[in-house]
S.K.: 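Got a structure here, written out as structure tokens. Questions coming.
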Protein chains: 2
Amino acid sequence: MPPTTESSPHSRRRAFRDILVYGIAGGLLILILKLTEYRFLVIEHSFEIYGGLIAALFSALGIWLGLTLTRKKPSVIIKEIPASPSEPFVPDEARLAQLAITPRELEILGLIAAGLSNREIAAHLFVSENTVKTHSSRLFDKLGARRRTQAVQLAKTSRLIP
Amino acid sequence: MPPTTESSPHSRRRAFRDILVYGIAGGLLILILKLTEYRFLVIEHSFEIYGGLIAALFSALGIWLGLTLTRKKPSVIIKEIPASPSEPFVPDEARLAQLAITPRELEILGLIAAGLSNREIAAHLFVSENTVKTHSSRLFDKLGARRRTQAVQLAKTSRLIP
DNA sequence: CGCAAAATCATCCAAAAGAATGACGACAAC
DNA sequence: GTTGTCGTCATTCTTTTGGATGATTTTGCG
């Protein structure tokens, strides 16, 4: 079964299940209320209706309150980020040639460092995932890395990528 | 399904679960009120009391919901300021607190960025691999990352790690 | 042209990583 | 003394990654 979509299907399944459970629970709850209502021959409906109304209203009020009360402070935090202004960055050609890393491999290395998955890289470069895997395999081989995180680390210290 | 979305699945799941708990709790509350009403035969003049009770309870619930649901929404204005090129590096405490990243999680983040596998990290910290996985899962959740490479990338741009 | 390097894709398999969930003890805060 | 956070660990499952290997197509170059 080929996993086609990128966003986790597992999570979506869980979300759907949660909604389902929620709905069923709600239905059962209503049913129970109904039955007890009949059992005790209570006709008066105003309590549920007004209770629910009050609940909903004050829930909304509470949510609104919570939101407005707390969203005051974290608005503007100015960070001082040492932005290096004088670095267009060029990969170390010597080291590149030394490791016999091809342009395509370097390109993929960059995308790996950007945090993309093989599938995302494949989509980005319009090639198959298998191709990306062979490229990255050879890349790891040349870099002496066993994991992509290690490859990124090594490449950074070798000034192959920013 | 376009493979474009990158929003955290964790948060969505939490939101669903919160809503679920919330709904069930509300229903149970009504049920309990109903039952007690029958048991003690308190019929008259109870509407104001229970209405107030429901209002107060649901207000509190709503506030809590609003707070937990909107817990971490950064919205930071980033201002780039050229800084000294040779700094000993200190992690951005503000950002760290903002994302609610614990010291242990930061430690593991650093080891991930160093290219270590979960097993190696576990051996390095004398904990089980499962613990490392738990930490990194929560870390990814807080960082909004789905892969460790992405976590590293995000952490670097947020100045959490060198 | 013909060759070699680079790029492409596949398949099978193993290992690592990640997701979801539940649990427990320590410890600080209220 | 309850509450909340943190750190710890486990289990089950799915997904991703990596290894090994072979094959086909481009492409640049002498």
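Excluded from the calculations below are hydrogen atoms, water molecules and symmetry mates; all remaining heavy atoms, backbone and side chain alike, are included. None of the values given here were measured: they were computed from a predicted structure. Below, chains carry the letters A, B, ... as their sequence lines are ordered, and counting in each starts from 1.
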S.K.: In whole angstrom, what separates A:Lys133's NZ from C:dA16's C1'?
M.R.: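 The distance from NZ of A:Lys133 to C1' of C:dA16 comes to 12 Å, rounded to the nearest Å.
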S.K.: Starting from C1' on C:dA17, measure out to CD on B:Glu120 and report it in whole angstrom.
M.R.: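 Taking atom C1' of C:dA17 as the reference, CD of B:Glu120 is at 13 Å.
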S.K.: If the cut-off is 4.0 Å, is A:Asn118 near the phosphate of D:dT17, judged by side-chain N/O to OP1 or OP2?
M.R.: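 Looking at the OP1 and OP2 atoms of D:dT17, one of them is under 4.0 Å from a side-chain N or O of A:Asn118.
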S.K.: Round to a whole Å and report the spacing from CG of A:Leu143 to P of D:dG18.
M.R.: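 So the two atoms are 12 Å apart, to the nearest Å.
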S.K.: How would you list, by chain and number, every residue that makes a side chain to side chain contact (heavy atoms under 4.5 Å, CB included) with A:Glu107, sequence neighbours excluded?
M.R.: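 Result, side chain to side chain contact (heavy atoms under 4.5 Å, CB included) vs A:Glu107: A:Arg104, A:Leu125.
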S.K.: Between A:Val152 and B:Arg148, is there a side-chain heavy-atom distance shorter than 4.5 Å?
M.R.: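 They are not in side-chain contact.
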S.K.: Check DNA chain C against residues 144-157 of chain A and give the residues with a non-hydrogen atom under 4.0 Å, in numerical order.
M.R.: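 Within this stretch, A:Arg147 sit under 4.0 Å of the strand.
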S.K.: Which residue pairs pass the salt bridge (charged side-chain N to carboxylate O under 4.0 Å, His left out) test when at least one of the two sits in residues 113-126 of chain B, sequence neighbours left out?
M.R.: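 Matches after skipping sequence neighbours: A:Arg147-B:Glu120, B:Arg119-B:Glu129.
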S.K.: Output the rounded distance in Å from CG (A:Leu99) to P (C:dA6).
M.R.: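 Checked: the CG to P distance equals 13 Å.
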S.K.: Look up atom OG1 in A:Thr102 and atom NZ in A:Lys142, then write down how far apart they are to the nearest 0.5 Å.
M.R.: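 It comes to 5.0 Å.
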S.K.: Rounded to whole Å, please give me the gap between CG in A:Leu139 and P in D:dT17.
M.R.: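 Rounded to whole Å, this separation is 14 Å.
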S.K.: Which nucleotides of nucleotides 4-10 of chain D have their base under 4.0 Å from a protein heavy atom (B), which only their sugar-phosphate (S), and which neither (-), written as one string 5' to 3'?
M.R.: --SBBBB
S.K.: Between C1' on C:dA17 and CD1 on B:Ile121, what's the gap in Å once rounded to a whole number?
M.R.: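 Going from B:Ile121 (CD1) to C:dA17 (C1'), I get 11 Å.
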S.K.: So how far is it from A:Arg159 CZ to A:Lys156 NZ, rounded to the nearest 0.5 Å?
M.R.: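 Reported value, rounded in 0.5 Å steps: 10.0 Å.
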S.K.: Please identify each residue that fulfils side chain to side chain contact (heavy atoms under 4.5 Å, CB included) with A:Arg146, with sequence neighbours left out.
M.R.: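 Applying side chain to side chain contact (heavy atoms under 4.5 Å, CB included) to A:Arg146 gives A:Gln150.
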S.K.: Rounding to an integer number of Å, can you tell me how far B:Phe140 CZ sits from D:dT15 C1'?
M.R.: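 It works out to 14 Å between those atoms.
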S.K.: Minimum heavy-atom separation for B:Asp92 and B:Ser158, please, with both atom names.
M.R.: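 Reported closest heavy-atom pair: CB-O, 3.8 Å.
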S.K.: Begin with the C-alpha distance, continue with both residues' side-chain angles, and end with the deciding distance and a verdict on side chain to side chain contact (heavy atoms under 4.5 Å, CB included) for B:Arg138 and B:Ile108.
M.R.: CA-CA 11 Å; B:Arg138 286 205 269 253; B:Ile108 281 173; over 6 Å; no
S.K.: Can you sort out the partners of A:Ser128 under side chain to side chain contact (heavy atoms under 4.5 Å, CB included), two or more places apart, ordered by chain and number?
M.R.: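 So A:Ser128 forms a side chain to side chain contact (heavy atoms under 4.5 Å, CB included) with A:Asn130, A:Thr131.
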S.K.: Under 3.5 Å, which protein N or O atoms sit close to an N or O of nucleotides 25-27 of chain C? Give each pair with its distance.
M.R.:
none

S.K.: Sequence neighbours excluded, which residues qualify as side chain to side chain contact (heavy atoms under 4.5 Å, CB included) partners of A:Leu139?
M.R.: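 A:Leu139: side chain to side chain contact (heavy atoms under 4.5 Å, CB included) contacts with A:Ile101, A:Glu105, A:Leu109, A:Leu143.
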S.K.: Answer with yes or no whether the hydrophobic clustering places B:Phe140 together with B:Leu116; edges join I, L, V, M, F, W, Y residues whose side-chain heavy atoms lie under 4.5 Å apart.
M.R.: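 Hydrophobic grouping puts B:Phe140 with B:Leu116.
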